[in-house]
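The block underneath contains the structure these notes are about, expressed in structure tokens.
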Amino acid sequence: MIPNSSVPASNPSAVARSIRKSLLRMVHHANASHVGGGLSIADVLAHLYGGVLRVDPSRPNDPERDRLILSKGHTAAALYATLAERGFFPSEWLDHYGEEHSPLTGHTNHLVPGVDASTGALGHGLSLGCGIALAMQRDRRPARAFVVLSDGELDEGSTWEAALFAGHHQLEGLIAIVDYNQIQSFGNVCEILDLEPLADKWRAFRWQVVEIDGHDHDQIAGALARLPAKAGSPTVILARTVKGKGVSFMEGELLWHYRSPDGAQLERALRELDDSP
Amino acid sequence: MRTAFVEALVEVARTDPRVWLLTGDLGFSVLEPFAERFPERYVNVGVAEQNMVGIASGLAMAGKVVFTYSIANFATLRCLEQIRNDACYHDLPVKVVAVGAGLTYGSLGYTHHGLEDIPIMRALPRLAVIAPGDPVEAALAVRELVRWPGPAYLRLGKAGEPVVHRDGLAELPASKLILVREGRGPAILATGSMLPTAVDAANQLAGLGVDTAVYSVPWLKPFDAAAVATLARKHSLIHTLEEGQRSGGLGGLVAETPGGASAPRARLVRGGLDDLCLHEVVSQKAGREANGLGVEAIVEALRKGS
């Protein structure tokens with residue numbers, strides 16, 4: 001079994017700041033989209049790879065590792081930045097994000113060290129997580145499957161097929177984290193296809209629900225420290241987040257689902273992050 | 001073929017603990033031998049095919065070799081993107097099994113007609129496509145699929161198809177055509193459960209003085225195009241037979257085979273069911289006969305053409 005290794009000498013807040021800065025540089029350089037959803041999940045990713053996931057960057061394919069499936073594959077850049085931070089591959093790779101022939105594609109690529117699944121078509125990740133968790137349950141192995149979902153992909157019926165299955169089969173090794181930033185492709189989730197009451201939906205599917213502020217480091221650490229939240233149940237962490245978190249002019253703004261920061265905007269964003277507590 | 005399939009699967013699962021079986025709540029009175037013997041490696045996921053293929057892929061990511069089982073379109077089209085992205089792109093040992101190919105369930109209506117699966121599955125990267133011609137081939141196909149490292153699609157009919165290979169077959173090597181009957185005149189290339197019909201037609205043609213060869217084509221991907229090119233030089237006419245869309249199916253495959261512009265080449269007749277939307281109760285037999293796939297029509301086409 002892989003020891004529960006943590007990133008030494010870094011606190012999650014500092015790691016998250018570093019992830020955000022890398023992410024902003026990457027999307028600026030590549031003129032890429034989806035920065036808002038990357039910024040909203042950065043804090044959770046910092047905690048997951050900062051000691052929660054039982055992974056070893058020197059053995060990215062260890063069969064006994066915990067898996068993380070970023071089902072919201074459009075925020076791959078945030079995952080790549082996190083994996084580089086954690087030492088899965090050299091940080092210099094990030095400089096080539098989105099360039100011709102770079103393995104760092106716009107949606108997650110499983111050929112990148114540390115990436116467990118290629119995603120990008122929404123509604124696939126939770127089923128993959130069910131399969132991994134089911135294998136571990138039946139084999140009595142301790143590895144867990146974490147699946148990071150967007151709120152928009154909860155529109156997909158396949159997500160709920162998987163939710164129904166996980167509850168029935170008591171997959172306690174399956175942990176879903178919803179990046180509930182409340183903005184999807186065309187606007188506010190509550191206006192396009194309202195998910196509320198969201199916690200009740202998951203409970204009705206026999207999941208243990210943990211609701212947190214997805215930017216509060218104590219709450220994130222607390223939720224991830226007690227897994228499964230209830231023995232014999234899959235856990236869903238509903239992380240209330242802010243799209244564009246950490247950059248004042250991106251926060252809560254739909255446009256930053258699409259737009260890439262120009263040079264001046266990048267400088268301003270990096271400065272804000274450096275000045276933040 | 002269903003019975004041969006599940007018996008072969010039980011057999012390989014006895015010695016290979018990686019082998020799992022998932023069903024989308026279909027296969028009642030078929031899958032029990034596996035379910036009872038290997039309950040730890042069997043799951044009825046419910047009527048949820050997208051989830052089934054996702055789960056199969058997740059299991060495969062954790063080291064399993066996973067068969068998924070459902071009826072024609074449910075096993076393939078309903079979860080096409082999961083097969084493409086999760087199984088094929090990750091190159092995982094997920095083996096999609098569809099029963100009720102073609103018009104097997106003709107009387108159940110259009111939703112249960114499995115007609116477009118070969119062209120569509122063929123188009124997916126890395127996915128092997130096998131349509132066994134009889135129960136002997138179906139059993140061998142299971143063993144081949146466990147050996148095949150990546151994803152695969154197995155197209156089956158129902159139960160009770162006649163055995164064509166009465167003396168058995170040693171193996172079903174990837175891509176290879178199987179010579180069922182020698183002949184120096186025309187050649188029939190049949191895939192899936194059209195094989196017995198092809199043999200019947202060839203027997204009748206023999207009585208009419210037309211010496212017809214029959215080949216079974218269980219492997220549609222990988223496909224032995226070189227062997228077909230050789231046959232196209234050897235025979236005056238090639239008649240393909242498939243219970244499904246011939247555009248992009250076996251008929252399409254043979255038509256795509258490069259023979260060289262100057263090479264002498266057999267005439268090609270493609271039997272199949274293109275763009276078929278049936279609106280009434282149609283048995284498999286009647287559906288075939290109405291669309292040129294009955295023995296009579298095949299005999300007539302070959303007698304005239306050669």
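Only this structure's heavy atoms are used, side chains among them; waters, hydrogens and symmetry mates stay out. Numbers restart at 1 for each chain; the letters A, B, ... are given by sequence-line order, proteins then strands.
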Checklist entry - Among B:Val66, B:Val43, B:Ile55, B:Val45, which residue forms the greatest number of heavy-atom pairs with chain A at distances under 4.5 Å? => result B:Ile55
Item to check | Contact summary for B:Met61 and A:Ala117, nearest pair of heavy atoms | outcome: CE-CB, 3.9 Å
Checklist entry - Any chance CZ of B:Arg126 has more than 12 other-residue heavy atoms, nucleotides or ligands included, within less than 6.0 Å? => result yes
Checklist entry - What part of A:His168 lies closer than 4.5 angstrom to a heavy atom of chain B: side chain, backbone, both or neither? => result neither
Checklist entry - Of the non-hydrogen atoms in B:Asn85 and A:Ala121, which two are nearest, and what is the gap between them? => result ND2-CB, 3.4 Å
Checklist outcome for this item: So the side chain to side chain donor-acceptor pair (under 3.5 Å) pairs with at least one residue in residues 113-124 of chain A (sequence neighbours excluded) are A:Arg65-A:Asp116, A:Thr108-A:Thr119, A:His110-A:Ser118, A:His124-B:Glu81, A:His124-B:Asp86
Checklist outcome for this item: Interatomic distance, OG@A:Ser127 vs CE@B:Met52, rounded to 0.5 Å, equals 11.0 Å
Checklist entry - Of all the residues in residues 9-36 of chain B, which have a heavy atom that comes within less than 4.5 Å of a heavy atom in chain A? => result B:Trp20
Checklist entry - In Å and rounded to the nearest 0.5 Å, what is the CD to CD distance from B:Glu40 to A:Gln137? => result 8.5 Å
Next on the checklist: Closer than 3.5 angstrom, by distance alone: can the side chain of A:Glu161 be matched with the main-chain N or O of B:Asn51 as a donor-acceptor pair?
Outcome noted: yes
Checklist outcome for this item: All heavy atoms of A:Arg138 vs all of B:Pro39, minimum pair found to be NH1-O, 3.4 Å
Item to check | Side chain, backbone, both or neither of A:Asn61 within contact of chain B (heavy atoms, under 4.5 Å) | outcome: neither
Checklist entry - Do other residues, nucleotides or ligands put more than 12 heavy atoms under 6.0 Å from the OH atom of B:Tyr110? => result no
Checklist entry - In terms of heavy-atom contacts, does CZ of B:Arg78 have more than 12 from other residues, nucleotides or ligands at under 6.0 Å? => result no
Item to check | A:Asp139 and B:Lys64 ion-paired at < 4.0 Å | outcome: yes
Item to check | Minimum side-chain heavy-atom gap B:Leu59-A:Leu134 below 4.5 Å | outcome: yes
